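Report on one structure; see the data block that follows.
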Amino acid sequence: MSSPALSGAVAHHPWWESGVIYQVYPRSFQDSDGDGIGDLAGVLARLDYIAALGVDAIWLSPVFPSPMADFGYDVADYCGIDPMFGDLAAFDSLLAAAHARGLKLILDFVPNHSSDQHPWFLASRSSRDDPKRDWYIWRDPAPGGGPPNNWISDFGGSAWEWDARTGQYYLHAFLKEQPDLNWRNPALRDAMMDVLRFWMDRGVDGFRIDVLWHIVKAEGLPDNPPNPHWTPAQTERDKLIQRYSTDQPEAHAIAADMRALADGYGERVLIGEIFLPNDRHARWYGAPDRPQVHLPFNFQLIENDWNAATLNRIIADYEASLPPFGWPNWVIGSHDAPRISARIGEAQARVAAMLLLTLRGTPTLYQGDEIGIGPVDIPPDRIRDPQHWRQPTLDIGRDRSRTPMPWDASANAGFTTGKPWLPLNADWPVRNVDAQLADSDSMLALYRALTALRRVTRALAIGGFAMAVGDSDVLAYERWHDDDRLLIALNLCAEPRQLLLPVGVRIAEVLASTLPSHPMDGTLHGDEGLVLRLERDD
Ligand code: NOJ
Ligand code: MG
């Protein structure tokens, strides 16, 4: 067998294809100055931990100057560092130290909206004649009064905010403190491209691009159609289908321009945050002669039920949806999603780790998942997530996934000498990095074993992929490269299951198990995942 990705000449696999990405949420990683909030010096102090985790790149959630209405996703200066996190010198030190360890550094670019405190918006709202007026999306009230159209903010409520001074509404897809930028304006476009240049000139290795599919709205801003399938368990946003507010052709053209700019700098990666069905998601790769993002983030392991039938279907459908030149990617956690261990339990979270690190495509790990942080109770008086505040009846709180990293058993888990901005996981005295480094059966040990295996096993990093036949409740697939052939069998239930081998092969070696020892008695134990090397049975 030969991998489709490797047919013909030996394909070059840039670092973002063979590598593993680790998302750092800087507020919650490591505090260095006792204010209870993580910072860049804190990340620097923990770089050896990240390198030893066996990952290749760090994606830093936003560290730019910001009023923090949405914890940095409201940017007030795209080319600076918030004093809470440090300064440009601290950033340069972190970048150099990361590079010295062979780690790439990816920044979070937030192009859809700025902060309402950004000088551009302050100018824009100052008068209808201001040169920056058109850098944002201003409209008169609807003919009968009220907002210009029916669009709903992703965080609930109208997407329009009335501005009494100039007598118009402005659009905000998220908080009113996050006005949407107008990417149809050439001067705004140029200014944002300059932002990308600023950071690439400094040496950053790429960008994760926030809500990329939102950045252009349909001409005329028509009402969005109602969603006939909406139920009250869903967010208010889901009452409408975002047909005219997202995924416009002009946004694809801008992504292609960003890519052309990035390609001019060598091996820099663009990762687009994009939630869409497979067919429309795949279009964000662009075309071979006019590519768009390298990796449109694939959140399907987060969004779907955890059972073999569903996973089989989404993995096969996703693989089938990719254009021939499109490289896959997978995610099981983020600062926006529930913790994987909270969602499916710790035993299955170990299986999920194996899935993430053995599927074809670039894996992105989210800080804290590698030690299996599970449910965290956030008392009402400590809720900080503005999305949660605005829709309190829904089970959507993002604070639960943003709690500080517990490093050791000292005060505040070694995260801060002050008061952590969010509570720690209640089990931090035992669930912390130090404790797990000392325990060869820990989740952290499993993650490190899997990243190490991936690093030395081309079949896992860049090899071919095909679904295999598994027993009920078992997800099975093969990976291969040259003569190396692997079977991954993941038991998604707590009962033992049969291990089914492809015809004509036998097990040569057990490379990894999610269970502490590697019991090989021909069965798959409950909650066990296995990576097996196969050989021909002659
Ligand atoms: C996606 C980010 O991941 C999320 O945290 C943020 O609230 C929204 N985009 C708005 O920027
Ligand atoms: Mg701090």
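In what follows, every heavy atom counts, from backbone to side chain, and hydrogens, waters and symmetry copies are set aside. A quick note: this is a predicted structure, and the numbers were derived from the prediction, not measured. Every number for a ligand or one of its atoms is a count from 1 in the order of the listing.
Close approach to H113 involves these atoms of ligand 1, each under 4.0 Å from a residue heavy atom: 10 (C), 11 (O). Near R398, meaning under 4.0 Å from one of its heavy atoms, ligand 1 places the atoms 4 (C), 5 (O), 6 (C), 7 (O).
The proximity of Q23 to ligand 1, defined as any non-hydrogen pair under 4.0 Å, does not occur for either the backbone or the side chain. Only side-chain heavy atoms of R208 come within less than 4.0 Å of ligand 1; its backbone N, CA, C and O stay farther off.
For atom 6 (C) of ligand 1, the nearest non-hydrogen atom of the protein is D70 OD2, 3.3 Å. Ranking the protein heavy atoms by distance from atom 11 (O) of ligand 1 puts D210 OD2, 2.7 Å first. Scanning all protein heavy atoms for the shortest distance to atom 5 (O) of ligand 1 gives D336 OD1, 2.7 Å.
The side chain to side chain donor-acceptor pair (under 3.5 Å) search around W306 returns Q348, not counting sequence neighbours.
Under the 6.0 Å cut-off for aromatic ring centres, F121 and W138 qualify, their centroids lying closer than that. Between Y136 and Y170, a ring centre-to-centre spacing not shorter than 6.0 Å is recorded.
Checked against the Mg ion (ligand 2), the N, O or S atom of D31 at the shortest distance is OD1.
For the pair OD1 of D33 and OD1 of D35, the angle whose vertex sits at the Mg ion (ligand 2) is 80° to 10 degrees. Between the OD2 atom of D39 and the O atom of I37, the angle taken at the Mg ion (ligand 2) works out to 100° after rounding to 10°.
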Can you list the steps and then say if F91 with W199 is a ring pair (Phe, Tyr, Trp, His ring centres under 6.0 Å)?
-> CA-CA 11 Å; F91 177 80; W199 292 108; 5.1 Å; yes

Could you walk me through whether F275 and F299 pass ring pair (Phe, Tyr, Trp, His ring centres under 6.0 Å), step by step?
-> CA-CA 7 Å; F275 288 88; F299 300 105; 4.2 Å; yes

